[in-house]
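Note on naming: letters A, B, ... go to the chains in the order of the sequence lines (proteins, then strands), and numbering restarts at 1 for each one.
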Protein chains: 4
Amino acid sequence: MSAIRIGLIGTGRIGQVHAESIEGLSEATLSRVADTDTRSAEATAEKFGASVSTPDDIFRSDDVDAVLIASPTSTHLDLMMASVEAGIPALCEKPIDLDITRVDAVREVINSSGVPVAIGFNRRFDPHFQDFRRRVLSGEIGALEQLLITSRDPAPAGTDYLAVSGGIFRDMTIHDFDMARFILGDIVEVSAQGYNQFSEDIKGLGDFDATSIALRSASDQFATITNSRHAAHGFDQRMEALGSEGMVRVENVSDTEVRTYTAEAVESKQPYKNFFLERYLDAFRLELLEFVKLVRGEPGQCPTFDDGRMALMLANAATESAQTGRVVRVEA
Amino acid sequence: MSAIRIGLIGTGRIGQVHAESIEGLSEATLSRVADTDTRSAEATAEKFGASVSTPDDIFRSDDVDAVLIASPTSTHLDLMMASVEAGIPALCEKPIDLDITRVDAVREVINSSGVPVAIGFNRRFDPHFQDFRRRVLSGEIGALEQLLITSRDPAPAGTDYLAVSGGIFRDMTIHDFDMARFILGDIVEVSAQGYNQFSEDIKGLGDFDATSIALRSASDQFATITNSRHAAHGFDQRMEALGSEGMVRVENVSDTEVRTYTAEAVESKQPYKNFFLERYLDAFRLELLEFVKLVRGEPGQCPTFDDGRMALMLANAATESAQTGRVVRVEA
Amino acid sequence: MSAIRIGLIGTGRIGQVHAESIEGLSEATLSRVADTDTRSAEATAEKFGASVSTPDDIFRSDDVDAVLIASPTSTHLDLMMASVEAGIPALCEKPIDLDITRVDAVREVINSSGVPVAIGFNRRFDPHFQDFRRRVLSGEIGALEQLLITSRDPAPAGTDYLAVSGGIFRDMTIHDFDMARFILGDIVEVSAQGYNQFSEDIKGLGDFDATSIALRSASDQFATITNSRHAAHGFDQRMEALGSEGMVRVENVSDTEVRTYTAEAVESKQPYKNFFLERYLDAFRLELLEFVKLVRGEPGQCPTFDDGRMALMLANAATESAQTGRVVRVEA
Amino acid sequence: MSAIRIGLIGTGRIGQVHAESIEGLSEATLSRVADTDTRSAEATAEKFGASVSTPDDIFRSDDVDAVLIASPTSTHLDLMMASVEAGIPALCEKPIDLDITRVDAVREVINSSGVPVAIGFNRRFDPHFQDFRRRVLSGEIGALEQLLITSRDPAPAGTDYLAVSGGIFRDMTIHDFDMARFILGDIVEVSAQGYNQFSEDIKGLGDFDATSIALRSASDQFATITNSRHAAHGFDQRMEALGSEGMVRVENVSDTEVRTYTAEAVESKQPYKNFFLERYLDAFRLELLEFVKLVRGEPGQCPTFDDGRMALMLANAATESAQTGRVVRVEA
């Protein structure tokens, strides 16, 4: 089978990750690259052997089989609509948008178009979490009852980025909302707390730097999510499920199995894989492989537009709950 | 120094634990034993070389230096009052009562009596949690930000017991509320969710079999508590603290350091110490040693009547929050 | 049953350990204490409520049910002979002697006396190693094939002690020889290497500060023992068994289950329990309980005089092997 | 820089591993493939887009920059000689030969040829062992004293293969001899034991199925190696170094960080990565990258012909020691 030719829109940090992933796959190749920052587009095109383009040209060209949308959040919906209109499958980064009204305005068109659209919830493809989910769903711990998600970044992004990020629930917790849905299915209630623990900058933005969230599923299972925008010991990404017959846990991933033992401390490892590029390298690659399957019309596991919408609805509910101090019900 | 002579009121399960602890200490001796179940009192008295007595006689006798109240919850306040009136120091099991109005009615008398009264929050004395707290408070992880408490019993008690227990927040989570206060200090807000995940009996009592709770401290630190009334893998008691400079965790305690490696699984240990008698054996002993210090007038760390009251207030707030779906503020 | 009255001969470091163990047991009591250092004997007698005595008086008195021999190695055989002649059961510290000729001269008398004599290989009673052995012998890993023993002291004893210790094989490895026999049964070949890695003092004594030893059992199983006289990370005591169906390991024992995570290192624990008093506290107590059974004529697991003799023979074989560079055969 | 064009001689199991590694690298490409089994050569050529060839043609062609020798051991020396004569850099699989006389006959020619020759001790490139070595050599644990290598295959190869393998020391332990030299430097003494623990087939070949080996370095450091030809719990590859200031260990590598907790066992992981293809996937890739550097004339870490020779000499010494029961001295 010939390689899928991908047009990449957006060549920032996450765009680079995808370009690297594409290069490592024999199933895909990078054909066109677009970015409002022309120099970034040119550098990326040269590095990966693609041509510089514009979104319009990408959607019109005959050397693009699929697009990868890694541009700013505010452009996501328009670019997904353009993909759908051009009949070109799209993989779009999260979140799909910050405004649920805008999302709902295009939902019907996108969902009924028959054009494959996938959302970049890459953590679903992490081999550790895949194995975790497989065990939980296969009944290895009986009936699932509780899910605990710990998710802490090593350090917050810059204030410029955070100012337009939509707040911690829509920018950071959105991954955890999606993971909770990936394991538990439909969520019906959200109770969220936000905290200001260390960053005056984040407080100044009216945002939180830490959260504690309880989600209730349709069948009275629950997920507890805790976040922090910093963690001195490294990127802290863990999950734990309790079932009627036991527990499954995913602990953090280290670079090596080396441990040191001295007069100060024993069994010590190096701090955890630095950030999402390192920790989720496999996940980004496997996500892309699933997207290739989707483009080829094969059955796969790509998160859908509605998965993106539900994660945003949970983020909105969490924002409201943190502001009002009330549990917020969510309607599917 | 001569051994403290203790009168034990209540010879049920927890009374037996204390009687065993007393026997193992050279600093204390069991002199009198009382229980409405005369046969239990007689058996306990014979086993530990004490005499059978009544609460009234215990408070009047001259061979009792201190009382240990391990009778049903509904008797706790009256027996503490009797201790205070008799001028005999008391160690009273948790919870102090299920009704905050009754608690507040005697609070002033007990607190101003000058007679030492300690409450049996034994987990404060567990060597693992003591080491955990010492590290957190010493600044080993910088400024404390988040606390996560996982607390799951191996299996629920019988329905008879649960029916009069005051509900999961007052009976089980009360230990975790106390631990949160032990680490974080004053709590100002409680947001609690209750779940019915496996027990029709507990649901029939209008009670929950699992919980997820967020506590906010005066300085915007938080504690997340999750409970379950069952855990197939054993008594599950863990804590984790995140600070500005790192994290400290206490994992579960095993009987031995033996691990097995087979074609089915590797690095396996036996399920965790069965229940609180085994897991908190050291804690019960150390609690008693602190109480001995209190009786002797030495400085110590015994939880006070007001610690017992605050744990009940948090349990009440959690109950209200779980019912109303709202964050509940707590006034000290 | 009334408590066994014990006469303790030798009140040095190991004698104190036993005196503490005796005090903690209701099954035994310390009645008499003897030491050539009169002040040590007096202090010990006063601390534990015993009377000062002499070995002769201990063997003649009617208030001693058993003796515990914790005096210098050179006195062990004579004191065991005196016990046997007096008809008083004895628990004697390891090694039984440094000279196999002297051992063999009294062997017949002691073994045929009918008076119980136990040797203080306390590590047999460590709960971790007991569980390890139980699993191995029960067939949990199929047929046993290999045993790996790691045994490292935190730091060497003083030169005065080492000069009369009989060398590392007879003083330190002797515990590991006994453990190998405890798990594997009869040993038929010894190949030993000695090394001088860090201590000029030990080299000056013609002794080694590290060893690597291979033992072959009658059925072609093997044990590999490695020793070091120092270990910066604490008392390092581990075992590993490989069988046809898997592996069992005992890792080191920590004081608590607390782990720290910082920007420098994650999953760190405190260095291991400092030395044999802390690490083998339970083992000394359980050893004494087994000895009480032996004194009472109940079936038990106490190491015998011949266990002490075989450990010495393996130490002798190792010494010879390390000197000649040849495998040395051992005859039972 | 353009990709190095590689001619692969030998398309068996290990040849396939290398072909896969080459395909995954942008720095190298597979141009020609040779094997006496024509169908295997053809299938490999087609799979990886190379042409079928013969060794002679590979050495004569102008589309080969380097050769990778993965043919049977008996052909290694001749093919290395042919490489050297053709002036084409070679990466040759271990062992270089089973006969030290034949090795020494070509040593001078190969070493003085100026043509780069590397030996395939892939474990040197494993990221875990690289990190381990870096820490040890950087003085993180002070002066190195002891090295413990545990190396167990999941199951023995077939009897046909084993019959011509040169025995366990030359076929399996040879990797561990190289690792010992990689960490400790020159080895001067070998004491080896061989055992027959489970395989009648291996015993029938006059070979061993398990070993225990002590190596002494020039400066009285030591390495203890233990091997088994089977391990029910998976490919068991560990190292441990003790130094004057502490210890470093590399434990086994798991596929994921998932652990399960049930009523039967807690903290369980899946058995270890099945065999060398999975466990050393990264190592094979990194080995190839180092070889590319060597071919390009850049400084690198490739094991040399003399590294291959010394590993064989240690294997020979071990064989002799196991037969004679004596320590065998090795001259560099």
Cut-off 4.5 Å, heavy atoms of chain B, and the answer for Asp255(C) is backbone
Answer yes or no: are there more than 12 heavy-atom neighbours, outside Arg134(C) itself, under 6.0 Å from its atom CZ?
yes
Greatest number of heavy atom pairs closer than 4.5 Å to chain B - which of Val258(C), Val250(C), Val248(C):
Val258(C)
With rounding to the nearest 0.5 angstrom, report the CD to OG1 distance, Glu140(B) to Thr262(C).
9.0 Å
Who pairs with Arg285(C) by side-chain hydrogen bond (donor to acceptor under 3.5 Å, both in side chains), at least two apart in sequence or on another chain?
none
Inspect the surroundings of CD in Glu46(B) and state if more than 12 heavy atoms from other residues, nucleotides or ligands are less than 6.0 Å away.
no
Just so I understand: if I count every heavy-atom pair under 4.5 Å between each of Asp131(B), Val266(B), Asn252(B) and chain C, which residue has the most?
Asp131(B)
Residue from Glu251(B), Glu245(B), Glu264(B), Arg135(B) scoring the most non-hydrogen pairs under 4.5 Å with chain C is Arg135(B)
Which atoms of Arg238(B) come close to chain C, meaning under 4.5 Å heavy atom to heavy atom: side chain ones, backbone ones, both, or neither?
neither
Is Asp126(B) close to chain C through its backbone or its side chain, or both, or neither, when contacts mean heavy atoms under 4.5 Å?
neither
Less than 4.5 Å apart, any side-chain heavy atom of Ile141(B) and any of Thr260(C)?
no
For Glu257(C) and His128(B) the tightest heavy-atom approach is N-ND1, 2.9 Å
Rounded to the nearest 0.5 Å, how far does CZ of Arg259(B) lie from CD of Glu240(C)?
13.0 Å
